[in-house]
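Comments concern the structure below.
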Amino acid sequence: GDSVTQMEGPVTLSEEAFLTINCTYTATGYPSLFWYVQYPGEGLQLLLKATKADDKGSNKGFEATYRKETTSFHLEKGSVQVSDSAVYFCALSGGGSYIPTFGRGTSLIVHP
Amino acid sequence: NAGVTQTPKFQVLKTGQSMTLQCAQDMNHNSMYWYRQDPGMGLRLIYYSASEGTTDKGEVPNGYNVSRLNKREFSLRLESAAPSQTSVYFCASRGGQGEGYTFGSGTRLTVV
């Protein structure tokens, strides 16, 4: 079946550092890929998405590129802020299934 | 504002009590989902509804029932609450295969 693997956290960074959160997937067909963010005490919010190979999703300074050859969708940001502290989830959907697959989530902590 | 509305936000139940968690979306989405989120377990799918009039079991359906009342509303019922059902419950909806989810803000349920 489909699966998503994320790097384990927490990831701890200083403000203005470069962020990478790794995400790899296995899936049949050509899924769409997503990153969600969950701030403390809130539900998940869609951060960005990519629907086909080589697409780059971007939002709020975050970027991720759909890499079919490496089955990856790594999340990056050039300069993180304290307000980026949250849990980030990688997810995929597609192949005719109504059930998306989520990774376990990666906690990001940014210190001033 | 368009989105997914969950009620209640907080609830404490005694073991054996019943309750219904309500969820409504105003985005004309076809698919709706119920998840539970527990520390270290990520998101686990309880039930989903691919379209109005259909419901299907997810990964952890035992102890729960659902009703897709109409296209807007999808409720989750606990008939006899157990301490193992202490969790944060999220409702989500999605318009189409390539679209991301929209999540509600969650219901924090404690069963004592």
Side-chain angles (χ1 to χ4, degrees), chain A residues 1-10 23 27-53 55 57-60 62 64 66 73 75 86-107, chain B residues 1-7 9-10 21 23 25 27 29-61 68 74 87-108:
Chain A
D2 296 349
S3 68
V4 173
T5 303
Q6 292 181 235
M7 60 189 293
E8 291 201 16
C23 171
T28 56
Y30 302 95
S32 296
L33 301 174
F34 306 87
W35 277 101
Y36 291 84
V37 58
Q38 184 179 30
Y39 299 103
E42 298 183 11
L44 280 70
Q45 303 173 26
L46 179 63
L47 181 60
L48 53 84
K49 70 174 184 179
T51 58
K52 62 182 187 297
D55 269 1
S58 62
N59 187 25
K60 300 181 181 179
F62 292 90
Y66 190 143
F73 193 54
L75 182 68
V87 180
Y88 293 82
F89 292 86
C90 185
L92 67 83
S93 70
S97 170
Y98 286 100
I99 306 176
T101 302
F102 284 85
R104 287 289 186 96
T106 302
S107 174
Chain B
N1 291 335
V4 176
T5 302
Q6 289 185 239
T7 56
K9 293 190 182 301
F10 300 92
L21 281 63
C23 174
Q25 54 92 7
M27 296 167 288
H29 285 172
N30 288 320
S31 304
M32 298 186 74
Y33 307 77
W34 276 105
Y35 286 90
R36 59 178 290 174
Q37 185 177 36
D38 303 290
M41 301 294 291
L43 287 167
R44 292 185 291 172
L45 182 65
I46 305 170
Y47 271 93
Y48 69 101
S49 171
S51 61
E52 185 179 358
T54 69
T55 61
D56 286 284
K57 295 178 181 179
E59 180 184 358
V60 289
R68 183 76 183 265
F74 188 40
S87 187
V88 181
Y89 291 85
F90 289 102
C91 178
S93 69
R94 187 176 66 161
Q97 280 285 9
E99 300 298 315
Y101 278 131
T102 300
F103 281 82
S105 58
T107 295
R108 284 148 184 81

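No experiment lies behind these values; they were computed from the predicted model shown. Chain identifiers are assigned alphabetically (A, B, ...) following the order of the sequence lines, protein sequences preceding nucleic acid strands; residue numbering begins at 1 within each chain.
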**Asked** Side chain, backbone, both or neither: which part of B:Arg44 has an atom under 4.5 Å from a heavy atom of chain A?
**Response** neither
**Item:** Which atom of B:Arg94 lies closest to which atom of A:Pro100, heavy atoms considered
**Value:** NH1-CG, 3.8 Å
**Item:** Whether A:Tyr36 side chain and B:Tyr101 backbone form a donor-acceptor pair below 3.5 Å
**Value:** yes
**Fill in**
Closest heavy-atom pair, A:Gly43 versus B:Phe90, reported as atoms and distance to 0.1 Å, is CA-CE2, 3.3 Å
**Fill in**
Quick note, salt bridge (Lys or Arg N to Asp or Glu O under 4.0 Å) partners involving residues 49-59 of chain B, not counting sequence neighbours, are none
**Item:** ring-ring contact (aromatic ring centres under 6.0 Å, His included) evaluation trace for A:Phe89 with B:Phe103
**Value:** CA-CA 13 Å; A:Phe89 292 86; B:Phe103 281 82; 8.5 Å; no
**Fill in**
Hits for side-chain hydrogen bond (donor to acceptor under 3.5 Å, both in side chains) against A:Glu42, two or more places apart or cross-chain, chain-then-number order -> A:Gln45
**Request:** Would you indicate whether the side-chain heavy atoms of A:Phe102 and B:Gln37 approach each other to under 4.5 Å?
**Result:** no
